[in-house]
Amino acid sequence: MWSNLPFDVLANIFSFLSPDSFACAKTACHHWYNCANAYPSSPNPSLHHHPPWFVALPTHGPAEKCCYVHNPATDKWHRLSTAFLLEPIRPVGPIGSLVLSRTTNSNPLQLVLFNPFTRQFKYLPRLNLARTNPAVGVIVLGTKPHSPFHRFRVYVAGGLSEAPPGCATYESAIEMYDSDSDTWQIMGDMPVQFAVRLTVWTPNESVYCNGVVYWMTSARVYSLMGFEIGPNKWQELSLPMAERLEFATLVPRNGKLTLVGGVSGGDACVWELDERKIWCLVEKVPTELGLKLFGGKASWGSTKCVSGGGAICLYRDLGSGMVVWREDGGRRGWKWFWVEGCGSFGGKQMHRLSIRGVLIHPCIAPSCIP
């Protein structure tokens, strides 16, 4: 009976499976394999929620091109080859089951979209105005009708213009990439002083919330810059305890702009920006998990943070473990978890391997890149 189910019925069943279970189901028989390939949107995380997977991309070395992924369902780490990518990359952010990244050994800016599970990738077109080290912001607009592909836009601001050594200037033009047209267009200009700050003092990527793309800047103390999409206006916001923050990261959570930051000599806290543009403290990292994360060193300085799929993850390097705050499956509310790091792989110690992470819901269906 199971080998003769209609494709639409079988695909609906597949949509309930986690990615690893879906991969096993594809190997059961030819009928199931053909169904899985015919319905590339299965499994569908938007219909049946599974915790996102953490993808760790080394920032330098090892010689073997690879990334490391953590499966929250089995609490196991896996190593995936990234040899299919032509250049070293740094993640910008998730777009559905894909990772948008910037190449790290080529100037000017070049963006690439890839799936670490299917080894598919696509370079985005070059910008109209070549620039080095700009700030990059991503807006995910949802899926296309009758398609698993996510529509998205990418905003690029700041950066140094392409010119002979010593002649480069800070680029004030803002460019936007639209995935529907696969083209870049110039949206207007920004104040030069903002372009300088976005080029020199933006350590992390952006967060989009309620019509505004936000970037964190870290000149002297942390502060916040926002670009309002509709009127093309810029705004600047202060951050809570900005002088004492040893690390600070913007993340989206439940439709609100959220700040995760570690206070010198104190706790790591989570704030949300309310409608009055006031930061409200909503949570603190449990003390015992914070101590476990930084291994007894009373400093949050090397902590990093990512979010996605109903989870926020704090980490340092591949082997140190992670503190995760995520939606608690059958209950309302969020719960704190500890995830052991990938201390070794194939007999090689990984404790000090520097990484940049991203949280995504894996898709192992073919042709998942538009």
Side-chain angles (χ1 to χ4, degrees), residues 90 92-93 133-138 155 157-159 170 174 190-229 233-287 289-291 293-294 297-308 312-316 322-325 334 336 356-357:
R90 188 183 82 187
V92 173
N133 199 39
V136 179
V138 181
Y155 286 82
Y170 291 100
I174 306 163
M190 64 187 298
V192 175
Q193 64 269 28
F194 283 9
V196 174
R197 289 173 59 184
L198 286 176
T199 304
V200 180
W201 300 108
T202 303
N204 298 307
E205 305 302 343
S206 72
V207 169
Y208 173 73
C209 185
N210 297 325
V212 182
V213 181
Y214 293 96
W215 285 278
M216 184 87 70
T217 63
S218 58
R220 293 186 296 275
V221 296
Y222 287 102
S223 63
L224 193 61
M225 297 175 60
F227 175 62
E228 296 183 60
I229 300 298
K233 292 183 179 179
W234 287 87
Q235 56 181 253
E236 187 172 6
L237 296 172
S238 59
L239 298 179
M241 307 179 72
E243 298 82 2
R244 295 183 57 197
L245 292 176
E246 293 183 323
F247 94 94
T249 303
L250 293 174
V251 296
R253 176 178 176 268
N254 295 339
K256 294 185 178 181
L257 183 66
T258 304
L259 169 69
V260 182
V263 180
S264 176
D267 299 316
C269 303
V270 182
W271 294 270
E272 287 182 352
L273 190 67
D274 67 13
E275 295 78 7
R276 302 165 296 168
K277 301 294 184 182
I278 296 175
W279 292 101
C280 302
L281 179 65
V282 296
E283 186 62 84
K284 290 185 177 182
V285 175
T287 302
L289 294 184
L291 291 172
L293 179 64
F294 53 67
K297 299 178 181 178
S299 172
W300 294 97
S302 60
T303 305
K304 305 165 191 171
C305 179
V306 292
S307 72
I312 295 174
C313 176
L314 285 76
Y315 65 99
R316 296 168 70 89
M322 301 183 292
V323 176
V324 179
W325 191 36
W334 288 49
W336 291 98
R356 291 290 295 266

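All residue numbers in this chain count up from 1 along the given sequence.
Between Tyr208 and Val138 the shortest heavy-atom distance is CB-O, 3.9 Å. Heavy atoms only, all atoms of each residue included: Val92 and Val136 are closest at CG1-CG1, 3.9 Å. Between Gly158 and Thr199, the shortest heavy-atom distance links the atoms C-OG1, 3.6 Å. Annotation for Tyr222 and Ala242: closest pair O-CB, 3.5 Å, computed over non-hydrogen atoms. Scanning both residues, Trp271 and Leu245, for their nearest heavy atoms gives CH2-CD2, 4.1 Å. Heavy-atom minimum distance, Ser302 versus Arg316: OG-NH2, 2.8 Å.
Scored by the salt bridge (charged side-chain N to carboxylate O under 4.0 Å, His left out) test, Lys284 finds Asp267 as partners (sequence neighbours excluded). Residues that satisfy the salt bridge (charged side-chain N to carboxylate O under 4.0 Å, His left out) test with Arg90, not counting sequence neighbours, are Glu205. Evaluation of the side chain to side chain donor-acceptor pair (under 3.5 Å) rule for Asp274 yields Arg276 as partners, not counting sequence neighbours. Partners of Thr287 by side chain to side chain donor-acceptor pair (under 3.5 Å), not counting sequence neighbours: none found. Partners of Ala157 by side-chain contact (heavy atoms from CB on, under 4.5 Å), not counting sequence neighbours, listed by chain and number: Met190, Leu198, Trp215, Trp234. Considering only residues two or more places apart in sequence or on other chains, Glu272 meets the side-chain contact (heavy atoms from CB on, under 4.5 Å) condition with Arg253, Lys256, Thr258, Val282. Residues forming a ring pair (Phe, Tyr, Trp, His ring centres under 6.0 Å) with Trp279 (at least two apart in sequence, or on another chain): none. Partners of Ser264 according to the side-chain contact (heavy atoms from CB on, under 4.5 Å) rule, which considers only residues two or more places apart in sequence or in another chain, are Glu246. Among residues two or more places apart in sequence or in another chain, the side-chain contact (heavy atoms from CB on, under 4.5 Å) test is passed with Gln235 by Val212, Tyr214, Glu228, Leu237, Lys277.
Under a 3.5 Å cut-off, the side chain of Trp300 and the backbone N or O of Gly266 do form a donor-acceptor pair.
Between Trp325 and Trp334, the two ring planes are tilted [angle within 30° to 60°].
A donor and an acceptor atom, one from each side chain of Thr217 and Ser223, are located under 3.5 Å apart.
Residue pairs that meet the salt bridge (charged side-chain N to carboxylate O under 4.0 Å, His left out) test with at least one member in residues 192-202, sequence neighbours left out, are Arg197-Glu236.
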